[in-house]
Amino acid sequence: MTARNGRLGWSDVTPKAHWLNRRQIIGAAAAALAAPGLALPGRARAATYPKSVFSTDAQPTSLEDITSYNNFYEFGLGKEDPARYAGALTVDPWSVQIDGLVDKPGTWDLAEVLNGAPLEERIYRFRCVEAWSMVIPWVGFELSWLLNRVGVQPGAKYVAFETLLRPEEMPGQQTAILDWPYREGLRLDEAMHPLTILATGLYGEEMPKQNGAPIRLVVPWKYGFKSIKSIVRISLVAEQPETTWKQQNFREYGFYSNVNPEVDHPRWSQASERVIGAGLFGGRQDTLMFNGYADQVASLYAGQDLRKDY
């Protein structure tokens, strides 16, 4: 492998023929920005991406609701705080450190990674632990694609993630709301599942800062807080990693946090959910096991007690 100023290039861990071919694909996608596509009021036309077979046919939540109603405690506790304060966040340039039990550890420039990534649209149901839901048209790629490029070593059993720590741009980090930086984790088989993606955009555009720019995790069968935002580090580890909300209150937020209508949060029911954007007060609907993805992921937990492994 070659080094550039002491750092590896992403092409050093990707077969060159595949890398060049994907550069052509991304170039074509970039050209689509100037072509007729998905028009959003007051915004530039979006690029079009292949629609994944894993996408739901449900009607997506509006861009306005997705970008104005969300949790990102690095910018405050209010649902409107991320949209209000995230504009100060610097997201370019951006790099992601990948370390631990991998064959090719390093710090990778995100722009170079995305030049080769097989980006596609994934329309996923999104269920918050607070019992509200959306349907979000993400743009991203499977996490397994990235992990396969760096080479997962046999001893790796879990994947740990870490959010940017930059309190001068993320005012919520100037408080003791949580133990910063925000940390999350998955079991390796969960991380390698084809439904698990790293998202870099939504509605065909770059990821808005308030939604986790420039790169975030999306695990659609788990409660939303598992889908960590603004990732700067991914570590392959042998032991179950500490995660922020489990550390904050392990009685309410377990490591797995799979969507399960039969296991209530200690302070509210998880049997139903409020649909954001469905009327003045939001329509309600029954919550589905694994957020509707049971056919794809239930086998991951065969033999586990999902009340104990909550």
Side-chain angles (χ1 to χ4, degrees), residues 52-56 58 70-71 122-136 138 142-144 147 152 155-161 178-179 182-199 216-229 234-276 284-310:
S52 170
V53 296
F54 295 110
S55 289
T56 177
N70 64 318
N71 293 318
R122 292 280 182 107
I123 304 175
Y124 277 166
R125 291 181 288 274
F126 182 91
R127 173 61 154 79
C128 182
V129 72
E130 297 171 345
W132 54 265
S133 67
M134 295 182 176
V135 175
I136 302 180
W138 304 106
E142 292 179 15
L143 173 59
S144 62
L147 298 182
V152 179
K157 305 299 180 186
Y158 295 88
V159 184
F161 305 86
L178 295 172
D179 181 22
Y182 193 90
R183 297 176 300 278
E184 258 305 335
L186 298 173
R187 207 168 61 192
L188 182 60
D189 58 347
E190 297 175 320
M192 298 298 284
H193 194 279
L195 285 178
T196 303
I197 66 170
L198 291 172
R216 62 170 289 168
L217 183 70
V218 178
V219 192
W221 70 92
K222 294 180 179 288
Y223 292 120
F225 69 87
K226 294 291 292 185
S227 294
I228 185 171
K229 303 177 178 77
I234 300 173
S235 303
L236 278 292
V237 297
E239 303 295 330
Q240 187 180 108
E242 286 292 332
T243 58
T244 293
W245 278 107
K246 183 173 182 290
Q247 185 180 39
Q248 179 81 0
N249 190 339
F250 69 91
R251 293 182 178 85
E252 297 189 357
Y253 307 101
F255 176 80
Y256 287 96
S257 291
N258 292 316
V259 176
N260 189 341
E262 299 176 2
V263 177
D264 290 336
H265 186 281
R267 290 181 281 131
W268 56 79
S269 169
Q270 295 288 20
S272 66
E273 62 204 53
R274 180 169 60 94
V275 182
I276 301 302
R284 295 203 71 85
Q285 64 186 20
D286 291 340
T287 291
L288 301 174
M289 187 64 191
F290 295 114
N291 201 26
Y293 297 96
D295 288 348
Q296 294 98 321
V297 303
S299 62
L300 295 177
Y301 309 101
Q304 289 186 236
D305 181 346
L306 296 181
R307 289 187 176 272
K308 179 180 177 182
D309 295 336
Y310 61 92

Distance in Å, [X] [atom1] paired with [Y] [atom2], rounded so as to fall on 0.5 Å steps:
X: L306; Y: M289; atom1: CG; atom2: CE; result: 5.0 Å
X: Y293; Y: N258; atom1: OH; atom2: CG; result: 13.5 Å
X: L186; Y: F161; atom1: CG; atom2: CZ; result: 4.5 Å

Name the one of [options] that satisfies side-chain contact (heavy atoms from CB on, under 4.5 Å) with [X]?
X: Y124; options: V135, L195, T56, I136; result: L195
X: W221; options: V259, L288, N260, L300; result: L300
X: T196; options: L217, V297, V218; result: L217

Is any side-chain heavy atom of [X] less than 4.5 Å from a side-chain heavy atom of [Y]?
X: Q270; Y: T287; value: no
X: N71; Y: E130; value: yes
X: Y182; Y: I228; value: yes
X: K157; Y: L188; value: no

Subject >> Pair E142 + R122, salt bridge at N-O below 4.0 Å >> reply: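 Here E142 pairs with R122 in a salt bridge, since their nearest N and O are under 4.0 Å apart.
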
**OP:** Is it possible for you to check whether K226 lies under 6.0 Å from the centre of the six-membered ring of F255, through NZ or CZ, and within 45° of that ring's axis?
**Re:**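 Yes - K226 lies over the ring of F255, closer than 6.0 Å to its centre and within 45° of its axis.
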
Flag, side chain of [X] to backbone of [Y], donor-acceptor distance under 3.5 Å:
X: S52; Y: F54; result: yes
X: S269; Y: D264; result: no
X: H193; Y: Q296; result: yes

**OP:** I would like to know whether T243 and E184 meet side chain to side chain contact (heavy atoms under 4.5 Å, CB included); could you show each step before the answer?
**Re:** CA-CA 5 Å; T243 58; E184 258 305 335; 3.6 Å; yes

Original post:
Aromatic rings F126 and W132: how do their planes relate, parallel, tilted or perpendicular, breaks at 30° and 60°?
Top reply: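 Judged by the thresholds at 30° and 60°, the geometry between F126 and W132 is tilted.
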
Original post:
In terms of ring plane angle, is the pair W245 and Y253 parallel, tilted or perpendicular, where the classes change at 30° and 60°?
Top reply: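 Judged by the thresholds at 30° and 60°, the geometry between W245 and Y253 is tilted.
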
Original post:
side-chain hydrogen bond (donor to acceptor under 3.5 Å, both in side chains) with E252: which residues, sequence neighbours excluded?
Top reply: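 Testing E252 for side-chain hydrogen bond (donor to acceptor under 3.5 Å, both in side chains), a comparison that skips the adjacent residues, returns H265, R267.
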
Original post:
Taking only residues two or more places apart in sequence or in another chain, which ones pass side-chain hydrogen bond (donor to acceptor under 3.5 Å, both in side chains) with S227?
Top reply: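 Scan of S227 (side-chain hydrogen bond (donor to acceptor under 3.5 Å, both in side chains), adjacent residues dropped) gives none.
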
Original post:
Out of R125, R284, R127, which one pairs with E273 under the salt bridge (Lys or Arg N to Asp or Glu O under 4.0 Å) rule?
Top reply: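 Per the salt bridge (Lys or Arg N to Asp or Glu O under 4.0 Å) rule, the option paired with E273 is R127, out of R125, R284, R127.
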
**OP:** Would you check, one step at a time, whether the test side chain to side chain contact (heavy atoms under 4.5 Å, CB included) holds for K222 with Y256?
**Re:** CA-CA 8 Å; K222 294 180 179 288; Y256 287 96; 4.1 Å; yes

Taking all non-hydrogen atoms of both residues into account, name the closest pair between [X] and [Y] and its distance.
X: G254; Y: Y310; result: N-CE1, 3.2 Å
X: P241; Y: G185; result: CG-CA, 4.1 Å
X: K229; Y: R216; result: CE-NH1, 3.5 Å

